[in-house]
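Single-structure report; data block below.
Note that ligands are numbered from 1 as they come in the structure, with each ligand's atoms numbered from 1 the same way. Note that the numbering runs from 1 along the sequence shown for the chain. All values derive from a computational prediction rather than experimental measurement.
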Amino acid sequence: MGNTILEVKNLKKYFKSPRGMVHAVDGVQFSIERGQTLGVVGESGCGKSTLGRCVLRLIEPTEGEVFFEGRDICKLKKREIKELRKEMQIIFQDPFSSLNPRKTVLEIISEPIVFNKLMPGASRAQIENRVLELMDTVGIAERLINAYPHELDGGRRQRIGIARALAMNPKFIVCDEPVSALDVSIQAQILNLLKKLQKEMGLTYMFITHDLSVVHYFSNDIIVMYLGQVVEKAPSDVLFKNPLHPYTRALLSSILVPKVGGNQDTIQLRGEVTSPIDPPDECRFAKRCDYRCETCEGSNPPLVEVEENHFVACHCVKPGENLLKKSGAVSAS
Ligand SMILES: Nc1ncnc2c1ncn2[C@@H]1O[C@H](COP(=O)(O)OP(=O)(O)OP(=O)(O)O)[C@@H](O)[C@H]1O
Ligand SMILES: [Mg+2]
């Protein structure tokens, strides 16, 4: 794979808590090709943001490796990480709390340029021109250059967050639920903007969301996370046409429009959610799974390639054998 920009190997992040170790990210593995988007989906608390932050080394991983353009960033020194920050950026969910309310648009966008000395020797006017250029790139009118975040609506605030990330000329951006806090009509505009920027600048995205319908449109490949682990990984179309893990099927069934006259049922997730604190060696989804058997409670299934580029961590789904089909699972396709 000659054009891999990011490769993550056996990444773990455990947090200490009074009741034990929270396995927030627990042995995650994936790679992203340059210019592509990896979608990361899963319900609240499954470790998506922790994964995103570890990948950027905003927090220290407990174990594992993160190769960015071939270099293991977990081994970099402080000064090297500062350099790396220019190439790897993050866009947050809530553009209001992530923007300093006491700073103007000009100050917010110029801050990373000044702080990182991206335009050495540049005059104020030259920096302001660069800010205007970035505002134009993300579709913000020039007249708003001296506005404060509270004077802007959610969509514009998110555009400012994107402009601030772009100020560094990054190659890779972690988008952590960038549209979840926005109205549906604005969501599409921001997604279109991110798509356009990707095309024009060759950006690579790791796109985190709990909303599968958003990643379908956006991603080349998708990983589905459950309690810190990847339970399914596939190209986006494959995942939507042929979801194999019972958890992915449940997630998908909740967003699919019922077929006319068909018997498309929503798969309800029932049962107790396994605690992320020192989880036992069993399938973490077993307690909520309609297909669980003794094997599921005996060990945690590894992620296995069951067909080309389609990986699943389920004791009941193996290459050439899908026990879920036999037991009459509802297909979400
Ligand atoms: N600093 C921390 N200290 C202790 N536990 C943490 C910390 N940060 C996250 N966790 C725990 O790690 C797990 C994963 O959290 P994380 O925020 O990564 O999930 P998420 O998938 O991003 O959720 P959401 O969709 O709600 O944003 C959760 O159990 C959370 O409580
Ligand atoms: Mg999160």
Side-chain angles (χ1 to χ4, degrees), residues 6 8 10-30 37-64 66 74 88-99 154 158 161-162 165 173-182 187 190-191 194 205-216 218-219 221-233 239 245 247-248 250-252 254-255 269 271-280 282-285 287-288 300 303 313:
L6 186 88
V8 169
N10 193 30
L11 194 69
K12 296 184 182 173
K13 179 65 184 180
Y14 296 172
F15 294 106
K16 272 197 190 112
S17 87
R19 289 190 293 139
M21 283 294 196
V22 180
H23 290 222
V25 173
D26 208 0
V28 167
Q29 201 127 317
F30 62 83
T37 300
L38 176 78
V40 179
V41 292
E43 63 199 349
S44 184
C46 72
K48 305 180 294 296
S49 297
T50 306
L51 177 63
R53 283 165 173 74
C54 282
V55 161
L56 299 180
R57 228 182 126 184
L58 292 171
I59 53 174
E60 293 297 320
T62 306
E63 204 182 304
V66 178
C74 302
M88 305 174 96
Q89 285 287 302
I90 185 163
I91 301 168
F92 295 100
Q93 167 172 354
D94 184 351
F96 200 49
S97 61
S98 62
L99 300 180
Q158 192 53 290
I162 295 169
I173 303 181
V174 171
C175 307
D176 191 352
E177 307 258 12
V179 298
S180 307
L182 305 174
Q187 284 190 359
I190 298 294
L191 290 173
L194 288 170
Y205 293 139
M206 179 170 155
F207 194 96
I208 295 173
T209 175
H210 62 275
D211 185 350
L212 255 179
S213 50
V214 168
V215 271
H216 187 199
F218 213 79
S219 310
D221 293 318
I222 294 179
I223 58 176
V224 180
M225 285 184 73
Y226 191 80
L227 281 177
Q229 299 187 317
V230 176
V231 294
E232 188 154 6
K233 177 166 86 173
L239 192 93
H245 196 283
Y247 176 63
T248 313
L251 279 184
L252 270 173
S254 63
I255 62 158
L269 287 176
E272 181 194 339
V273 181
T274 298
S275 165
I277 299 173
D278 300 318
E282 59 179 35
C283 172
R284 291 182 188 179
F285 185 64
K287 289 194 173 71
R288 295 167 92 184
N300 192 5
L303 194 64

In chain order, what residues pass the salt bridge (charged side-chain N to carboxylate O under 4.0 Å, His left out) check against [X], with sequence neighbours excluded?
{"X": "D221", "result": "none"}
{"X": "E272", "result": "none"}
{"X": "E177", "result": "none"}

- State yes or no: are the ring centers of H245 and F285 separated by less than 6.0 Å?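 Yes, the ring centres sit under 6.0 Å apart.
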Under 3.5 Å: N/O of [X] near N/O of ligand 1:
{"X": "A24", "value": "no"}
{"X": "T50", "value": "yes"}
{"X": "P276", "value": "no"}

- Query: Any protein heavy atom sitting closer than 4.0 Å to atom 31 (O) of ligand 1?
  - Reply: no
- Message: Yes or no, since that's all I need: does a protein heavy atom fall within a distance strictly under 4.0 Å of atom 9 (C) of ligand 1?
- Response: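 Yes, at least one protein heavy atom sits under 4.0 Å from atom 9 (C) of ligand 1.
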- Within the side chain of Y205, is there an N or O that forms a donor-acceptor pair under 3.5 Å with the backbone of F218?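 Absent.
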- Task: Answer yes or no: is there a donor N or O on one side and an acceptor on the other, between the side chain of K48 and the main chain of E43, under 3.5 Å?
- Result: yes
- May I ask whether C46 places a heavy atom under 4.0 Å from ligand 1?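 Contact check C46 vs ligand 1: positive.
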- Task: Examine ligand 1 and decide if any of its atoms is less than 4.0 Å from a heavy atom belonging to G45.
- Result: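 Within the 4.0 Å threshold, so yes.
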If you have a sec, work out which protein heavy atom is nearest [atom] and how many Å separate them, to one decimal?
{"atom": "atom 11 (C) of ligand 1", "answer": "V22 CG1, 3.9 Å"}
{"atom": "atom 27 (O) of ligand 1", "answer": "S49 OG, 3.9 Å"}
{"atom": "atom 25 (O) of ligand 1", "answer": "K48 NZ, 2.8 Å"}
{"atom": "atom 6 (C) of ligand 1", "answer": "F15 CD1, 3.3 Å"}
{"atom": "atom 24 (P) of ligand 1", "answer": "S44 OG, 3.6 Å"}

Considering only heavy atoms from C-beta outward, does the side chain of [X] approach that of [Y] to under 4.5 Å?
{"X": "I223", "Y": "L51", "answer": "yes"}
{"X": "Q29", "Y": "N10", "answer": "yes"}
{"X": "F30", "Y": "L6", "answer": "yes"}

- Message: Inside 2.8 Å of the Mg ion (ligand 2) but strictly below it, how many protein N/O/S atoms are present?
- Response: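 That number is 1, waters not included.
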- Item | Criterion side-chain hydrogen bond (donor to acceptor under 3.5 Å, both in side chains) against Y226, the qualifying member of R288, E232, R284 |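 Considering R288, E232, R284, a side-chain hydrogen bond (donor to acceptor under 3.5 Å, both in side chains) with Y226 is found only for R288.
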- Shortest non-hydrogen contact from N300 to Q229?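 Minimum heavy-atom separation between N300 and Q229: ND2-OE1, 2.9 Å.
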- Query: With under 30° as parallel and over 60° as perpendicular, where do the rings of Y14 and H23 fit, or are they tilted in between?
  - Reply: parallel
